[in-house]
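Both ligands and their constituent atoms are indexed starting at 1 by order of listing.
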Amino acid sequence: MRAMQYPDYGSEPRLVDLPVPEAAPTEVRVRVAYTSVNPVDWKQASGKIRLLMPQRRPCVPGYDLSGVVDAVGERVKTFTIGDRVHIRIPMSSAGANAEYAAVPADHAARLPDAMDLVTGAALPLAGMTALQGLRDVLGLDLDGDSRRVLVIGASGGVGHFAVQIAAAAGAEVVGVCSGRNADLVRSLGCRDVIDYTQPGCWAGVTPFDLVYDCVAGDPAPYLVHLKRGGAYASCMPSAATFLHAANLLGGKRVRPVLLHSNAADLGALDQLFVAGKLRAVVDRHFGLEELAAAWAHSRSGRARGKIIIDVAT
Ligand SMILES: NC(=O)c1ccc[n+]([C@@H]2O[C@H](COP(=O)([O-])OP(=O)(O)OC[C@H]3O[C@@H](n4cnc5c(N)ncnc54)[C@H](OP(=O)(O)O)[C@@H]3O)[C@@H](O)[C@H]2O)c1
């Protein structure tokens, strides 16, 4: 099968020919249609986060995929051949950027009939990070929550899902992005937009109950905009996040977000999609062999929504 593989840390992914994997007893094998890029893909390949997140090399990178089940492990009862599925592959495995991937069945979800395979590939990692950050770390009540929520990086992979999830809960969402993305994030549910490229953009901003930082991990610039009793979370936690997390700063909580992928949360995102409350914004498609170019685009920090890799076409 065709697969993209990087040989060792610091090298770019290149096309290789690999044997089609077998499905282990608890796995399904998926004929991959699409994958999507997440910054962790190229960060791991660079070797710069090897102490925190090591990866076996050579490595077929990629965590998100959608496709069709074409083999089922003997202990799997929940899927049959022909099912359309998607998954965020657990961190220890990766392997999405190939024509076939054997993945743990208990992390996969069947795609709703209404969901296209591109959305299926866009949603898992970024969508679950958005959901878990808002619901589990910041304490947003998905069944109804009218608080003021600030999403920093509102036009990115995680941020654009976070805006929609918070808006669907009833929150008053404000997004931070550059001016070129203002219309996009408004269309996703932001009531207001702060263009961080404009001097004085924070003047007169009403304080927030919850701040979800999808860009960086230093809460310091935002604590002044957080109400007493409010909470700040970052999915890009840094030393500053952990330093602040140890203190209750004027009754303000600071917390890191660390994704725990699971099929139940993927299903919750699928339900939001079916209800018309969540969509994936696609920045650009790349072919499988163009993975290095897709990573370069992601590395630029300017992606709007998700970058998709067309594997089957
Ligand atoms: N902790 C976890 O488990 C976890 C899970 C998922 C992701 N992450 C991490 O979270 C980060 C975000 O991931 P992602 O997939 O959302 O990245 P992404 O899609 O590459 O984010 C790109 C977006 O960031 C925006 N942006 C860049 N600088 C900004 C700034 N100073 N203020 C506001 N917006 C800014 C850009 O908008 P403009 O062009 O308008 O600036 C762009 O739309 C990455 O570092 C990723 O590794 C962590």
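A cation-pi arrangement is absent between R279 and F273, since the terminal nitrogen or guanidinium carbon is not both under 6.0 Å from the aromatic centre and inside a 45° cone about the axis.
H297 and D283 share a donor-acceptor pair across their side chains, judged by distance under 3.5 Å alone.
Near ligand 1, heavy-atom contacts under 4.0 Å come from P39, K43, L125, T129, G153, S155, G156, G157, V158, V176, C177, S178, R180, N181, Y196, C214, V215, C235, M236, V257, L258, L259, G301, R302, A303.
Salt-bridge formation is not detected for the pair E99/R29: no Lys NZ or Arg NE/NH1/NH2 atom is positioned less than 4.0 Å from an Asp or Glu carboxylate oxygen. The existence of a salt bridge linking E289 and R14 is excluded, since no basic side-chain nitrogen approaches an acidic carboxylate oxygen closer than 4.0 Å. The pair R148-D209 does not count as a salt bridge, with every side-chain nitrogen at least 4.0 angstrom from each carboxylate oxygen.
Ring-centre distance between W295 and F286: not below the 6.0 Å cut-off.
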